[in-house]
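No experiment lies behind these values; they were computed from the predicted model shown. In what follows, chains are A, B, ... by sequence order, proteins preceding strands, each numbered from 1.
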Amino acid sequence: MNTEAPSTPSNFIKTIISEDVQNNKYNGKVATRFPPEPNGYLHIGHAKSICLNFGIAQEYKGGTCNLRFDDTNPSKEEIEYMEAIKFDVRWLGFDWQDRLYHASDYFDQLYAFAVELIKKGKAYVCSLSPEDTRAYRGTLQEPGKDSPYRNRSIDENLDLFERMKNGEYPEGAHVLRAKIDMASPNMNMRDPAIYRIKHVTHNRTGDAWPIYPMYDFAHCLSDSIEGITHSLCTLEFEDHRPLYDWILDQLDVPCHPQQIEFARLNLSYTVMSKRKLQVLVEQNFVSGWDDPRMPTIAGIRRRGYTPLSIRNFCERIGMARRDSMVDVALLEFSIREDLNEKAPRHLGVLRPLKVVIDNYPENQTEELNAPLHPNNPDMGSRAIPFSREIYIEKDDFLEEPPKKFFRLSPGREVRLRYAYFITCTHVVKDKTTGEIVEVHCTYDPATRGGDSPDGRKVKTTLHWVSAAHAMNAEVRLYDRLFNKENPDEGTNGSHFTDFINPDSLEVLIDCKIEPGLADAAPGYSFQFERLGYFCKDADSSKDHPVFNRTVTLKDAWVKIAGKEKP
RNA sequence: UGGGGCGUCGUCAAGCGGCUAAGACACAGGAUUUUGAUUCCUGCAUUCGGAGGUUCGAAUCCUCCCGCCCCAGCCA
């Protein structure tokens, strides 16, 4: 344990909850819930909410967090999504134990609450068409008008509602509405619909119900039924809070949870709405919901992000009520931080350039010992083969180097990582194209392992791989999906897809990797030294390994090289 | 122009009337380095959207103004 008091980043929600606990507001209990609608895949924004809700449950003694599917709209929801959501929440490292719930578990109770509301004269069956309902609602600055059905008798409402439940009417014929105030400046209070007719099979309740409760009715009551103390949601539901409270106030409910809103997460260079992510998938801008460029949990996972890195990220971005745009650099920092510590190191060449070491014995091969992590000997080491012909990175050789270029060039000596010092003697070019096809070098046998006995220094160390022993591999280099920091921020009539980065994916099929890496399991996360963190993709086959670049290493050279240019 | 929110460093974000306005990312220098990585130092808001006011004292309280976000689904 640390000696210093943990500097738990405080936020306004924890401040409120701590006060409530201190005041014994809910008998000192803290119960939260994560309530996704199973109509799509979870994204990094949901991760913020998951970490918040489950995190609070962990932080307070006896705290709990339920996983509840808000499955009140069977026309949009699917079992497939429920399974994917459960997988993602678990993968992030959270556990709802035996508290997996569904709003549909409460359909009977919800129906009974609706009947109670009718009996109290607080709800009525309205038979206005959807179009008329809209017309009667008024506008933002003008009050609405009472529905002509607003004063139906309780008995008539009870009868009609029961017949709605019995499936006697077509969709749109009637709707159950809360009787509140058609002149309220808050649109949500203008007699909102709380039940609608939908002759749709529900994936859990089948055809038992031809009517389904609306979010505003189902959510607060589900919270109450589950004994939730703090109902945390995003800012756009703030205007719904009066309705949330109104419903619970009318009914004889187990408890009255407190709704608290926070700002949703926006990440630079990506989009976050389910609708937009769906467009990216459906119009094939990406390969699917788990495309490594997607901000979905599935995509981020396939990209090679770890659960811990995402939890740390969510902790770092904080919690507030102001709209904000978090720099994607913070996400990248979080994954580098985790992988720097944990990822084994390997050697791989993305764009191979052949190097022939002229003074190295023709048919000799030797095994060199290379630690799996230079800063952590406990991770062990592996042997890597070395021979006369090797590959180095094309970027690591320049025939005419600029001032600050430390890498290989004619006459210059560099170190091969964990191998030898080599000095470039000359190059061989393709006669027609002039392209360098081979770099010739000599090596110093005394520098085996990478140390020079005479203490002479070398400016840099290159990664390499033995040509005869290397495995071929496909490497997918990912970059940000959009060129614009905020793709949503359209300039007159532009569409967010206009800002898609055409270079967000570069596929390299002629990569050379150290042998042994081919046997790694899908999901294996490691560092290609000097290049970045990568992970093996599930698309890999026995003789065709595929690697995804999770994130590059920080690279001072690209900055220097960038400055030299203009 | 109805209602509800929000404006503190390039980006997040603490701060809740009283020491020099936390911290992180980013950025810029320097040291160490067999990854131009990591690590390690150092620097980075005399000022809190603006203007007035209250107070011995204001980012924190009051007034006005400016800007941004959300709401007119039988979606969540």
Side-chain angles (χ1 to χ4, degrees), chain A residues 7 9-11 15 35-37 39 70 72-73 75-77 126 128-130 133-135 137-144 171-177 184-190 192-198 211-212 214-216 218-219 233-242 261 263 268 274 315-334 336-337 340-341 345 347 370-371 374-375 404-407 415-419 421 447 449-452 458-463 485 527-532 552-561:
Chain A
S7 57
S10 77
N11 65 52
T15 303
E37 182 189 11
N39 71 341
D70 228 328
T72 56
N73 187 352
S75 37
K76 290 166 56 181
E77 297 150 6
C126 179
L128 245 23
S129 67
T133 302
R134 196 180 321 126
R137 187 155 35 229
T139 68
L140 292 177
Q141 28 266 50
E142 299 156 29
E171 291 186 14
H174 306 288
V175 72
L176 183 69
R177 292 227 251 168
S184 172
N186 180 344
M187 300 297 279
N188 296 301
M189 300 299 268
R190 320 244 262 228
I194 56 177
Y195 261 95
R196 78 293 216 189
I197 297 169
K198 262 185 190 289
I211 57 172
Y212 294 95
M214 299 286 290
Y215 164 84
D216 286 303
H219 199 83
C233 62
T234 43
L235 245 29
E236 67 270 27
F237 291 101
E238 186 157 27
D239 287 345
H240 293 243
R241 192 173 62 224
E261 311 84 17
S268 60
K274 274 184 193 169
E315 195 60 55
R316 267 191 267 260
I317 56 176
M319 191 62 60
R321 289 174 64 87
R322 62 183 91 107
D323 293 319
S324 62
M325 171 79 70
V326 174
D327 192 340
V328 72
L330 189 58
L331 220 209
E332 296 176 345
F333 168 81
S334 297
R336 285 193 188 109
E337 171 189 52
N340 172 53
E341 189 192 336
R345 269 56 171 174
L347 262 26
N375 306 330
K404 288 183 177 164
F405 185 84
F406 302 153
R407 284 108 99 141
R415 171 168 39 233
L416 294 177
R417 184 84 158 152
Y418 302 128
F421 281 18
T447 56
D451 281 309
S452 57
V458 96
K459 279 287 226 186
T460 198
T461 300
L462 306 185
H463 59 278
E485 184 169 337
Q527 180 191 112
F528 269 137
E529 294 211 44
R530 303 212 307 136
L531 297 174
T552 61
L553 254 30
K554 277 180 69 178
D555 189 347
W557 170 242
V558 296
K559 283 179 194 167
I560 297 166

Peer 1: If you look at every strand shown and take non-hydrogen atoms under 4.0 Å, does P374(A) touch a base, only sugar-phosphate, or nothing?
Peer 2: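 Here P374(A) touches the bases of the nucleic acid.
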
Peer 1: Quick one: label R137(A) by what it contacts on the DNA or RNA (base, sugar-phosphate, nothing), any heavy atom closer than 4.0 Å.
Peer 2: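 Answer is sugar-phosphate: R137(A) comes under 4.0 Å of backbone atoms only.
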
Peer 1: The side chain of N375(A) lies closest to which of these nucleotides: C75(B), U38(B), G36(B)?
Peer 2: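 In terms of side-chain proximity for N375(A), the closest of C75(B), U38(B), G36(B) is U38(B).
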
Peer 1: So if I apply the side chain to side chain donor-acceptor pair (under 3.5 Å) rule between R415(A) and each of T447(A), T460(A), T461(A), which one comes out positive?
Peer 2: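 Going through T447(A), T460(A), T461(A) one by one, the side chain to side chain donor-acceptor pair (under 3.5 Å) with R415(A) is satisfied by T461(A) alone.
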
Peer 1: Does G73(B) fall in syn (glycosidic angle within 90° of 0) or anti?
Peer 2: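 Here G73(B) takes the syn form, which means its glycosidic angle is within 90° of 0.
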
Peer 1: Which listed nucleotide (G5(B), C6(B), G36(B)) is nearest to the side chain of R322(A)?
Peer 2: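 Nearest to the side-chain atoms of R322(A), counting from C-beta on, is C6(B).
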
Peer 1: Can you give one letter per nucleotide of nucleotides 24-33 of chain B, going 5' to 3': B for a protein heavy atom under 4.0 Å from the base, S for sugar-phosphate only, - for none?
Peer 2: SS-SS-----

Peer 1: Show your working on side-chain contact (heavy atoms from CB on, under 4.5 Å) between R530(A) and D555(A) and close with a plain yes or no.
Peer 2: CA-CA 9 Å; R530(A) 303 212 307 136; D555(A) 189 347; over 6 Å; no

Peer 1: I want to check one thing: is the phosphate of C75(B), taken as OP1 and OP2, less than 4.0 Å away from some side-chain N or O of R196(A)?
Peer 2: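 So the side chain of R196(A) is within the cut-off, an N or O lying under 4.0 Å from OP1 or OP2 of C75(B).
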
Peer 1: What is the separation between atom OH on Y212(A) and atom P on G73(B), rounded to the nearest whole Å?
Peer 2: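 Taking atom P of G73(B) as the reference, OH of Y212(A) is at 23 Å.
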
Peer 1: Both P36(A) and A556(A) contact RNA chain B. Which one's nearest nucleotide lies toward the 5' end?
Peer 2: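 Result: A556(A).
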
Peer 1: Whether R134(A) contacts G73(B) is assessed here as follows: a side-chain N or O lying under 4.0 Å from the phosphate OP1 or OP2. Is that the case?
Peer 2: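 Yes.
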
Peer 1: Looking at C44(B), which nucleotide sits across from it as a Watson-Crick or G-U wobble partner, both distances under 3.5 angstrom, or is there none?
Peer 2: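 With both distances under 3.5 Å required, C44(B) matches none.
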
Peer 1: Do we see a donor-acceptor contact under 3.5 Å between the side chains of T139(A) and Q141(A)?
Peer 2: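 Distance-only check fails for T139(A) and Q141(A).
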
Peer 1: Scan F528(A) against the nucleic acid and name what it touches under 4.0 Å (heavy atoms): base, sugar-phosphate only, or nothing.
Peer 2: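 No contact.
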
Peer 1: With sequence neighbours excluded, tell me which residues meet side chain to side chain donor-acceptor pair (under 3.5 Å) with R345(A).
Peer 2: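 R345(A): side chain to side chain donor-acceptor pair (under 3.5 Å) contacts with N340(A), H373(A).
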
Peer 1: Tell me what R190(A) touches on the nucleic acid: a base, only sugar-phosphate, or nothing, going by heavy atoms under 4.0 Å.
Peer 2: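 If one applies the 4.0 Å heavy-atom cut-off, R190(A) turns out to touch nothing in the nucleic acid.
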
Peer 1: Taking it one step at a time, do N186(A) and S184(A) satisfy side-chain hydrogen bond (donor to acceptor under 3.5 Å, both in side chains)?
Peer 2: CA-CA 5 Å; N186(A) 180 344; S184(A) 172; 5.4 Å; no

Peer 1: Please work out if H219(A) contacts a base, only the sugar-phosphate, or nothing of the nucleic acid, heavy-atom cut-off 4.0 Å.
Peer 2: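 Touches nothing.
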
Peer 1: Charged N to carboxylate O under 4.0 angstrom, K198(A) versus E171(A)?
Peer 2: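 Here K198(A) does not pair with E171(A) in a salt bridge, since their nearest N and O are not under 4.0 Å apart.
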
Peer 1: Please confirm whether the shortest side-chain N or O distance from R530(A) to OP1 or OP2 of G36(B) is below 4.0 Å.
Peer 2: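 Indeed, a polar side-chain atom of R530(A) lies that close.
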
Peer 1: Rounded to whole angstrom units, what separation is found between the CD atom of E77(A) and the C1' atom of A76(B)?
Peer 2: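 Answer to the nearest Å: 8 Å.
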
Peer 1: Could you give the CZ-to-C1' distance, from R345(A) to A37(B), as a whole number of Å?
Peer 2: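 Value for this atom pair: 8 Å.
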
Peer 1: Has T460(A) got a side-chain N or O lying under 4.0 Å from the OP1 or OP2 atom of G36(B)?
Peer 2: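 The answer is yes; a side-chain N or O of T460(A) sits under 4.0 Å from OP1 or OP2.
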
Peer 1: What do you reckon, do Y215(A) and the base of A76(B) stack, with centroid distance below 5.5 Å and planes below 30°?
Peer 2: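 Stacking is absent between A76(B) and Y215(A), given that the ring centres and planes do not meet under 5.5 Å and under 30°.
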
Peer 1: Find which nucleotide of RNA chain B each of R415(A) and A263(A) is nearest to by heavy atoms, and output the residue with the more 5' nucleotide.
Peer 2: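 Here A263(A) is the residue nearer the 5' end.
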
Peer 1: Using a 4.0 Å heavy-atom cut-off across all strands, classify D239(A) as base, sugar-phosphate, or nothing.
Peer 2: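 The answer is base, as D239(A) lies within the cut-off (heavy atoms under 4.0 Å) of a base atom.
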
Peer 1: Is T552(A) touching bases, backbone alone, or none of the nucleic acid, heavy atoms closer than 4.0 Å?
Peer 2: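 Result for T552(A) = nothing.
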
Peer 1: Categorize E332(A) for me: base, sugar-phosphate, or nothing, with a 4.0 angstrom heavy-atom threshold over every strand shown.
Peer 2: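 No contact.
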
Peer 1: Contact class for K459(A) (heavy atom, under 4.0 Å): base, sugar-phosphate, or nothing?
Peer 2: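 Nothing: the residue K459(A), judged by heavy atoms under 4.0 Å, touches no strand.
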
Peer 1: Evaluate the ring planes of Y215(A) and H240(A), with Trp represented by its six-membered ring, and classify them as parallel (under 30°), tilted (30 to 60°) or perpendicular (over 60°).
Peer 2: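 Ring orientation of Y215(A) relative to H240(A): perpendicular.
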
Peer 1: Give one of base, sugar-phosphate or nothing for I317(A), where a contact means two heavy atoms less than 4.0 Å apart.
Peer 2: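 Sugar-phosphate only.
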
Peer 1: Which atoms form the tightest heavy-atom contact between N73(A) and E37(A), and what is the distance?
Peer 2: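 So the two residues come closest at CB-OE2, 4.2 Å.
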
Peer 1: What does T72(A) touch in the nucleic acid at a heavy-atom separation under 4.0 angstrom: a base, only the sugar-phosphate, or nothing?
Peer 2: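 Sugar-phosphate contact only - T72(A) comes under 4.0 Å of backbone atoms but never of a base.
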
Peer 1: Are E337(A) and R316(A) within salt-bridge range, i.e. N to O under 4.0 Å?
Peer 2: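 Yes.
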
Peer 1: Provide, to the nearest angstrom, the distance between the CD atom belonging to E315(A) and the P atom belonging to A14(B).
Peer 2: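 Answer to the nearest Å: 11 Å.
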
Peer 1: So N340(A), base contact, sugar-phosphate only, or nothing? Heavy-atom distance under 4.0 Å.
Peer 2: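 Here N340(A) touches the backbone only, sparing every base.
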
Peer 1: Can you measure R177(A) atom CZ to A72(B) atom P for me and round it to whole angstrom units?
Peer 2: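 Rounded to the whole Å, the gap is 15 Å.
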
Peer 1: When the P atoms of A37(B) and C27(B) are considered, how many whole Å apart are they?
Peer 2: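 It works out to 12 Å between them.
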
Peer 1: Would you check if the distance from the ring center of W557(A) to the ring center of F406(A) is below 6.0 Å?
Peer 2: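 Not under 6.0 Å, so no.
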
Peer 1: So what does F237(A) hit on the nucleic acid, given a heavy-atom distance under 4.0 Å: a base, only sugar-phosphate, or nothing?
Peer 2: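 Here F237(A) touches the bases of the nucleic acid.
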
Peer 1: Report yes if a side-chain nitrogen or oxygen of R321(A) is closer than 4.0 Å to either non-bridging phosphate oxygen (OP1 or OP2) of G5(B); otherwise report no.
Peer 2: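 The answer is no; no side-chain N or O of R321(A) sits under 4.0 Å from OP1 or OP2.
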
Peer 1: Remember a base hit wins even if backbone is also touched, and classify D216(A) as base, sugar-phosphate or nothing at under 4.0 Å, heavy atoms.
Peer 2: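 D216(A): no heavy atom of the nucleic acid under 4.0 Å.
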
Peer 1: Are OP1 or OP2 of G15(B) and a side-chain N or O of S10(A) less than 4.0 angstrom apart?
Peer 2: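 The answer is yes; a side-chain N or O of S10(A) sits under 4.0 Å from OP1 or OP2.
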
Peer 1: From the options A72(B), A76(B), G3(B), select the nucleotide whose nearest atom is closest to the side chain of M187(A).
Peer 2: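 Out of A72(B), A76(B), G3(B), the nucleotide with an atom closest to M187(A)'s side chain is A72(B).
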
